[in-house]
Structures are given as C-alpha cells and as structure tokens.
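This report refers to the structure that appears directly beneath it.
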Amino acid sequence: MADINHFEYGWITPALSYVLSVLGSILGLVCAGRIRTARTARQRAWWGLLAAWALGGTAIWAMHFMAMLGFAVEGTRIRYDVPLTAASTAIAVLAVGIGLGIVGTGRLNPVRLVAGGIFTGAGVASMHYTGMAAMRLNGSLGYDTIRVVLSVVIAVVASTVALWLAMTVRRGLAIFASALVMGIAVNGMHFTGMSALSVHRHEGVAGVTGAQASTLLVPIMVAVIFGVVGLLYALLAAPTDDDRAAAAYLDGRRVAQPAAATPAAAPDPVGLRARSTLGQPGTAFPSRRDTPPR
C-alpha cells in the first residue's frame with residue numbers, strides 16, 4: 001500500500017480549486033438567471049450552454065483538475081491519459097447542461113428538481129471517477145465502497161441544491177453567498193471521493209506513459225481564462241431587465257406622443273387682422289414710398 005498525499009503543495013491547490021469553483025458558480029448562476037428571462041428558445045439554449053460551461057467546465061471540472069495537481073503517490077510519478085481527461089470534461093458539461101434543461105423547461109416543481117439533481121449528480125460523480133481513471137502510475141487503484149457511495153450522495157445533493165439556486169436566486173448578494181456554498185459542496189464531494197482511494201504500488205515496472213499535469217495545466221488554464229472572459233463579455237453585452245424595461249418605456253412614449261399640431265392663430269375679436277396689412281403673415285412691411293400720392 002503506497003502512501004498518498006492529497007496536499008503536496010500545501011494550501012495552494014485546495015485554495016485555488018475553491019476559488020475556481022466559486023468563480024464558475026457565480027458565472028453559472030448569473031447565466032442561469034438569464035434563462036428565466038429569455039424570450040425565445042434560441043436565447044434559452046444559448047444561456048443554458050453558457051451556464052453549463054461555467055458550472056460544469058469551470059466550477060466542477062477545472063476545480064477537480066486543480067485539486068489533482070496536489071495529489072501525489074509515494075514512489076511513483078503520475079501521468080494522465082489525454083482522451084479520458086477530455087472525456088471527463090465533456091461529461092461534466094453535458095451532465096450540467098441536461099440538468100439545467102430538465103429544470104429550466106416548464107414550471108419548476110419537486111419532481112423536475114429531483115430528476116435533474118439525480119442526473120446531474122450522477123454525471124458529476126462519473127466525471128470525477130473518469131478523471132481518476134485517466135491517471136497513469138506504477139500501481140493499481142482501489143476504492144472504499146462506503147466512501148464512494150457517500151461521494152455520489154454528496155454530488156446528487158449538491159447538484160440538486162445548485163439547480164434549485166440556479167432557478168431561484170436573482171440578487172447579487174444571494175448569488176455570491178450561493179456560490180460560496182456551492183464551492184464548499186463541490187470541493188467536499190471531490191475530497192470525499194479522493195479519500196476513498198487507495199494505491200497498491202507495483203515494484204519494478206517500467207516508466208509511466210501519458211501527459212504530465214504541468215503539460216495539461218497550460219492549455220486548461222488558457223481555456224478557463226478565455227471561457228471566463230467570454231462569459232463576462234456575453235453577460236455585459238446582453239441587455240438586462242432594466243434595459244428592456246427602459247426600451248419598452250421609450251417605445252411606448254414614442255408611439256403615444258401625438259404629432260406636432262399647427263399652432264392656432266391668436267384670437268382677433270375686433271377684426272383688426274383682416275383690416276391691417278400688418279396682421280397677414282408674410283406681408284411686406286408698409287413703406288411711405290408705397291403710399292399713392294393724394
């Protein structure tokens with residue numbers, strides 16, 4: 001049995017993983033809020049895709065990989081199978097996207113919420129253990145069944161709460177507080193699953209094949225940065241409820257405003273305008289030269 005260290009670099013990797021999960025949760029909750037206010041199916045699909053990427057790609061998967069950077073096994077190097085690592089990313093995003101689709105179509109009720117939570121939680125757990133299966137080292141992996149089941153239960157409960165928050169939370173402070181709770185839940189699920197792991201090291205085995213974590217870190221962080229910047233740009237460029245209300249108000253004023261009426265002539269009770277050349281608009285000012293001689 002090999003010794004396992006989950007925090008090889010101290011507090012840095014768990015702190016960064018928590019920050020990533022909170023950041024992704026904030027962006028995901030804001031994007032999910034736009035699903036409720038979208039006017040067309042195309043807009044709902046677009047915001048659902050962005051929310052799935054923020055929650056599944058950043059809050060869950062990127063957090064998982066960042067935490068895995070601090071994972072070490074005594075006496076063996078750790079490498080990662082690239083196709084399986086990419087598959088774990090797709091599983092996380094797809095599971096969250098389908099969960100949002102379940103709870104975001106039609107009126108939210110307990111049946112939809114539980115169904116979406118179970119599906120999303122199962123997907124998150126599948127992502128975690130697919131990422132673990134992508135590890136390559138001089139040894140075989142074993143899992144404690146009770147802790148594995150506990151991690152799946154945490155994933156389902158956390159996913160259900162996350163979907164409920166995504167469909168109900170609207171205010172900025174509430175979104176931030178919800179993201180802090182979601183970050184704790186996501187990290188709790190990850191480290192519970194990691195605590196179920198045991199490694200039986202193989203002696204005298206040749207070198208381990210696969211990509212180093214540092215090799216994958218650069219493209220992953222670039223993708224996360226561009227993804228976060230893209231999400232922020234999409235959120236800032238999209239009109240808010242206040243913008244739509246203001247535009248509707250201005251349109252209503254523009255339609256209701258009557259055409260400019262021709263100003264009415266001033267009253268002339270004694271008929272001076274009819275007898276005087278000064279009263280006719282456009283009449284030249286009279287001159288003594290125009291007066292005929294007597």
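Everything numeric in this text was worked out from a predicted model, so none of it was measured.
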Report yes or no: does [X] contribute a side-chain atom to a donor-acceptor pair with the main-chain N or O of [Y] at less than 3.5 Å?
X	Y	answer
Thr76	Asn138	yes
Thr58	Leu55	no
Thr13	Tyr9	no
Arg147	Ser195	yes

Nearest heavy-atom pair of [X] and [Y]: which atoms, and what distance?
X	Y	result
Ala185	Ala158	CB-CB, 3.6 Å
Ala179	Leu29	N-CD1, 4.2 Å
Val169	Ser178	CG2-OG, 3.7 Å
Ala166	Leu100	CB-CD2, 4.2 Å
His64	Gly131	NE2-CA, 4.0 Å
Gly117	Ser159	O-CB, 3.7 Å

Answer whether the closest heavy-atom distance between the side chains of [X] and [Y] falls below 4.5 Å.
X	Y	value
Arg34	Arg44	no
Thr120	Ile98	no
Ser198	Leu141	no
Ser21	Ile60	no
Leu165	Met182	yes
Phe226	Val229	no
Val30	Ile175	yes
Phe176	Ile26	yes

*Can Met221 be reached from Val82 by stepping across I, L, V, M, F, W or Y side chains whose heavy atoms are under 4.5 Å apart?*
yes
*Can you list the steps and then say if Val73 with Ile78 is a side-chain contact (heavy atoms from CB on, under 4.5 Å)?*
CA-CA 8 Å; Val73 178; Ile78 298 177; 4.1 Å; yes
*Please step through side-chain contact (heavy atoms from CB on, under 4.5 Å) for the pair Asp144 and Val148, ending with a clear verdict.*
CA-CA 6 Å; Asp144 180 77; Val148 170; 5.8 Å; no
*Inter- and intrachain pairs under ring-ring contact (aromatic ring centres under 6.0 Å, His included), touching residues 134-157, at least two apart*: Tyr129-Tyr143
*Kindly state each residue pair satisfying ring-ring contact (aromatic ring centres under 6.0 Å, His included) with at least one member in residues 67-107, sequence neighbours excluded.*
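Residue pairs with at least one partner in residues 67-107: His6-Phe71, Phe65-Tyr80.
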*asked:* Walk me through whether Trp61 and Met127 qualify under side-chain contact (heavy atoms from CB on, under 4.5 Å).
replied: CA-CA 8 Å; Trp61 187 85; Met127 177 280 304; 3.7 Å; yes
*ring pair (Phe, Tyr, Trp, His ring centres under 6.0 Å) involving Phe191 - partner list, sequence neighbours excluded*: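 Applying ring pair (Phe, Tyr, Trp, His ring centres under 6.0 Å) to Phe191 gives Phe7.
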*Can you sort out the partners of Trp53 under side-chain hydrogen bond (donor to acceptor under 3.5 Å, both in side chains), two or more places apart, ordered by chain and number?*
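Here no residue qualifies.
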*Residues in side-chain hydrogen bond (donor to acceptor under 3.5 Å, both in side chains) with Arg201, at least two apart?*
Glu203
*Evaluate side-chain contact (heavy atoms from CB on, under 4.5 Å) for His190 paired with Met66, printing each intermediate quantity in order.*
CA-CA 11 Å; His190 172 83; Met66 182 59 64; over 6 Å; no
*Hey, which of Val22, Leu50, Val228 is the one that makes side chain to side chain contact (heavy atoms under 4.5 Å, CB included) with Leu27?*
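For Leu27, the side chain to side chain contact (heavy atoms under 4.5 Å, CB included) test succeeds with only one of Val22, Leu50, Val228, which is Val228.
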*Could you pull out all residues at least two apart from Arg79 that satisfy side chain to side chain contact (heavy atoms under 4.5 Å, CB included)?*
Arg77, Arg136, Val208, Gln212
